[in-house]
Amino acid sequence: MNVSEFRRRGKEMVDYVADYLEGIEGRPVYPNVEPGYLRPLIPTEAPQEPEAFEDVINDIEKIIMPGVTHWHSPYFFAYFPTASSYPSMLADMLCGAIGCIGFSWAASPACTELETVMMDWLGKMLQLPEEFLAGKAGEGGGVIQGSASEATLVALLAARTKVTRRLQAASPELSQAAIMEKLVAYFSDQAHSSVERAGLIGGVQMKAIPSDGKFAMRASALQEALEQDKAAGLIPFFVVATLGTTSCCSFDNLLEVGPICKKEDMWLHIDAAYAGSAFICPEFRHLLNGVEFADSFNFNPHKWLLVNFDCSAMWVKKRTDLTGAFKLDPVYLKHSHQDSGLITDYRHWQIPLGRRFRSLKLWFVFRMYGVKGLQAHIRKHVQLAQKFESLVRQDSRFEICAEVTLGLVCFRLKGSNQLNEALLQRINNAKKIHLVPCHLRDKFVLRFAICSRIVESAHVQFAWEHIRELGEDVLRAEKE
Ligand SMILES: *Cc1c(COP(=O)(O)O)cnc(C)c1O
């Protein structure tokens, strides 16, 4: 493909994408294929000779689309949203064109500098405490990670290094291995599985703290675990608090947990992967109160802020906690400005070396929507969730299972887990809408998450009537 063909095909591709998204409502939200469907549809080897672009593009509808779950369909209510917007997709195109690997300032100065400034913009949108911002002279700052899972892992590893150095400074005879086996970290029993996984990867013990009746981690339960562990000679060093849990969007009590972390010298990391986007609205900002106690904070603009995957925003109060933990300087990565103290080399803030120019997506989206446009998107989703909640509450055969704060509604038929499993199966077999379940304590619960950028009140109404009809079928079948 030469440049003139690229011009033509590129415009055709934009048309294909626009047609796809414009017509997405007409496609079945969930594919009708069996595992292994794709292999028989394509050759067993890559072609020796180049093929025509037409042949490639024609295969998209034949081979790919039949196996796609349409996450941007207005009938998709599963998991949490994954963001998508036109400005973000255009920025991604430009990112592909520049195609730099921005591991150091020198590797592509704009890539680093735009990221630092965009993370300050975003931090200000959330009203993060000044200490988390880089500014011109701050000690904190933001970095774009690939995912919330990576952000938690990076925070845990940095905390591990910090506590190890502190203990070794006091008792030089202590080996790193002797310290590691005594370290213990805490998370709520409602935290995302990636949190426990960070402990597995980081080789430290993790303990789940039982959440309260509203699925929140509270001071008393954390304090109890701490006392037990300290009495047993363990070294508590790290706590993950979740704002907006994946199962039911509950909020750990930061104002209780934060002061304990300060007193016990434990690193506090906040995972607000989904809910974080809502904090740009003044009416939801109170949910972030207590962030001043945290050492690191993370959320995913790629979930709910109209920035396509991947873009996970992480801030630290002391960037030297990260750079001090992960820094290695082989000669082939050195550059003449690096010791000036004025510049950022993001490779020291993350696990991989390579990184894309992801801040372009933030820059395009912030400028094309404005803060007001982004706030309107969040508010619309929250209102649709409230609408669904009130529809469920009007039917006494159903119950709401957790407080609805943002865009997620947890609900079920009153009755057994078996009944609700049957309902979910009917919903997902009918393939008109798509939902996933969760467990809250020992209850099987259906999650209704407002996801699509283009979802409207009529889609929510349709989804509810569909669920209610299938619910009636399930109740009838139970009686027979
Ligand atoms: C979605 C989610 C995650 C995982 O996000 P990734 O970016 O895919 O790693 C972590 N924590 C919470 C609370 C989530 O909702």
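Start at 1 and go down the list; that is how both ligands and their atoms are numbered.
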Minimum side-chain heavy-atom gap Leu122-Phe299 below 4.5 Å
yes
Is [X] in polar range of ligand 1, meaning some N or O pair under 3.5 Å apart?
{"X": "Thr245", "answer": "no"}
{"X": "Ala148", "answer": "yes"}
{"X": "Asp271", "answer": "yes"}

More than 12 heavy atoms of other groups within 6.0 Å of Tyr30 OH
no
In terms of atom number and element, which parts of ligand 1 are under 4.0 angstrom from non-hydrogen atoms of [X]?
{"X": "Ala273", "value": "2 (C), 3 (C), 10 (C), 11 (N), 12 (C), 14 (C), 15 (O)"}
{"X": "Gly244", "value": "13 (C)"}
{"X": "Ser194", "value": "10 (C)"}

As a check for students: among His302, Lys303, His192, Gln190, identify the option with a heavy atom nearest to atom 15 (O) of ligand 1.
Lys303
Residue-level breakdown please: for Glu150 versus ligand 1, do any non-hydrogen atoms fall below 4.0 Å on the side chain, on the backbone, on both, or on neither?
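None of Glu150 does.
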Determine whether the side chain, the backbone, both or neither of Asn300 has a heavy atom under 4.0 Å from any heavy atom of ligand 1.
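For Asn300, only side-chain atoms sit under 4.0 Å from ligand 1.
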Pair [X] + [Y], salt bridge at N-O below 4.0 Å:
{"X": "Lys207", "Y": "Asp229", "answer": "yes"}
{"X": "Glu399", "Y": "Arg393", "answer": "no"}
{"X": "Arg218", "Y": "Asp252", "answer": "no"}

Would you call the rings of Phe238 and Trp267 parallel, tilted or perpendicular if under 30° counts as parallel and over 60° as perpendicular?
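Geometry flag for Trp267 against Phe238: tilted rings.
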Do Arg319 and Phe132 form a cation-pi contact, if we require the NZ or CZ to be under 6.0 Å from the six-membered ring centre and within 45 degrees of the ring's axis?
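Judged by the rule, Arg319 and Phe132 form no cation-pi pair.
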